Amino acid sequence: MNVTSISFPYGESIHWFSPQKIDSLPHSQLKEWLLATGSLTQRLRTHCTLFEVKVLGEHLLEPLADEFPAQTNPVWVREVLLCLDGTPWVFARTLIPQTILGTQSSNYQNADDKQIREQQNDFTRLGTRPLGELLFSSPDITPGNIEVAQFETCGRLAALATSLNQQVTSSLWGRRRYFNLHGSQLIVSEIFLPAAVDYINQST
């Protein structure tokens, strides 16, 4: 695999749509995966023996054009590959505003509870821990609506897939979702790579 942190970030500017407002969604099993409301991490684990998170990079960066309109300051950008039995399936890009990075909730029963909760919500020290485990286990975090997008075969993510030795013969599809935490929002985008699409479309 030729992917390194040198090329971080890999994300590209794109317009996302509500599923109800897009002209067409994939006419395959992939559509159900795009619109599923549960944890993608948990679902991926059921399709492999070994689930891994490969961190491509994470840093405070300016959001891409129209990616996070409400933010005027740099946000914490984390990009990873979600791999099943050694094969990258999903490219994930997370945007976390500094208001969340610095948020400390006062609604704790005691000091020990506060320390545990703050450690659990430390987005800058996830390492290879799946973000999905935190998003769907923390009582402080509420999932929001899902949006979808189609990525062209000439884009940066298609080039990423090619560098992973995955042939891109058609547009890639992805989803993004807002998660609410203490009055602020973070954004998680998940783009399905060709290896995942081939597997999903062949499954019943």
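Because the structure is a prediction, the values reported are computed rather than measured.
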>> Quick check on Q42: does its CD atom have over 12 non-hydrogen neighbours (other residues, nucleotides or ligands) under 6.0 Å away?
In response: no

> Where do L35 and P19 come nearest, in terms of heavy atoms and distance?
Replying inline: CD2-CG, 3.6 Å

> Only one of D198, V197, L172 clears side chain to side chain contact (heavy atoms under 4.5 Å, CB included) with F192; which?
Replying inline: V197

>> If you apply the rule side chain to side chain contact (heavy atoms under 4.5 Å, CB included), what do you find for R93 with L95, and how did you get there?
In response: CA-CA 7 Å; R93 175 177 168 92; L95 306 176; 3.9 Å; yes

> In chain order, what residues pass the salt bridge (charged side-chain N to carboxylate O under 4.0 Å, His left out) check against R175, with sequence neighbours excluded?
Replying inline: E190

> Which pair of non-hydrogen atoms, one from A149 and one from W16, has the smallest distance, and what is that distance?
Replying inline: CB-CE3, 3.4 Å

>> Let me confirm one number: the CD-OG1 distance from Q166 to T87, rounded to the nearest 0.5 Å.
In response: 7.0 Å

>> Rounded at 0.5 Å granularity, tell me how far OG in S171 sits from CG in L157.
In response: 12.0 Å

> If you take all heavy atoms of G86 and C83, which pair is closest and at what distance?
Replying inline: C-CB, 4.4 Å

>> Let me check something: do F51 and V80 share a hydrophobic cluster, defined by ILVMFWY side-chain heavy atoms less than 4.5 Å apart, either directly or through other members?
In response: yes

>> Strictly distance-based, threshold 3.5 Å: is any side-chain N or O of Q98 a donor or acceptor partner for the main-chain N or O of P74?
In response: yes

> Quick one: salt bridge (Lys or Arg N to Asp or Glu O under 4.0 Å) pairs with a partner in residues 142-160, sequence neighbours left out?
Replying inline: E147-R176

> Could you state the interatomic distance from CG (D140) to CG (L181), rounded to the nearest 0.5 Å?
Replying inline: 6.0 Å

> Can you find a heavy atom in the side chain of L44 that is under 4.5 Å from one in the side chain of H47?
Replying inline: no

>> Could you go through L82 and V53, starting from their C-alpha distance and side-chain angles, then the distance that decides it, and tell me whether this counts as side chain to side chain contact (heavy atoms under 4.5 Å, CB included)?
In response: CA-CA 5 Å; L82 306 182; V53 175; 4.0 Å; yes

>> Before you tell me yes or no, could you show the steps for I100 and H182 under side chain to side chain contact (heavy atoms under 4.5 Å, CB included), namely the whole-Å CA-CA distance, both residues' side-chain angles and the distance that decides it to 0.1 Å?
In response: CA-CA 8 Å; I100 285 181; H182 302 314; over 6 Å; no

> What heavy-atom pair brings P194 and A161 nearest, and what distance separates the two atoms?
Replying inline: CD-CB, 3.8 Å

> Aromatic rings W89 and W33: how do their planes relate, parallel, tilted or perpendicular, breaks at 30° and 60°?
Replying inline: tilted

> Between atom CH2 of W76 and atom OG1 of T94, what is the distance when rounded to the nearest 0.5 Å?
Replying inline: 12.0 Å

> Below 4.5 Å, heavy atoms only, C-beta onward: do L135 and T41 meet side chain to side chain?
Replying inline: no

> Hey, does R78 have a side-chain heavy atom less than 4.5 Å from the side chain of F123?
Replying inline: no

> Side-chain contact, heavy-atom cut-off 4.5 Å: R177 with P143?
Replying inline: yes

> A158 and V168: which non-hydrogen atoms are nearest, and at how many Å?
Replying inline: O-CG2, 3.6 Å

>> Checking T124 against E58 for the side chain to side chain contact (heavy atoms under 4.5 Å, CB included) test, could you report, in this order, the C-alpha distance in whole Å, the side-chain angles of both residues, the deciding distance, and whether it holds?
In response: CA-CA 8 Å; T124 64; E58 49 188 341; 6.0 Å; no

> Side chains of S189 and E67: does their closest heavy-atom pair fall under 4.5 Å?
Replying inline: no

> How many angstroms lie between atom CD of Q185 and atom OG1 of T99, to the nearest 0.5 angstrom?
Replying inline: 10.0 Å

> Do other residues, nucleotides or ligands put more than 12 heavy atoms under 6.0 Å from the NE2 atom of H59?
Replying inline: no

> Do the side chains of L64 and L160 join up, straight or via other hydrophobic residues, at under 4.5 Å, putting them in one cluster?
Replying inline: no

> Short question: side chain of D85, backbone of C48 - any donor-acceptor pair under 3.5 Å?
Replying inline: no

> L193 and L81: which non-hydrogen atoms are nearest, and at how many Å?
Replying inline: CD1-CD2, 4.1 Å

> Are the side chain of S138 and the backbone N or O of L134 linked by a donor-acceptor pair below 3.5 Å?
Replying inline: no

>> So, taking the atom named CZ in F151 and the one named CD in E12, what distance separates them when rounded to the nearest 0.5 Å?
In response: 5.5 Å

>> Suppose we screen for side chain to side chain contact (heavy atoms under 4.5 Å, CB included). Which residues come up paired with S18, at least two apart in sequence or across chains?
In response: Q20, K21

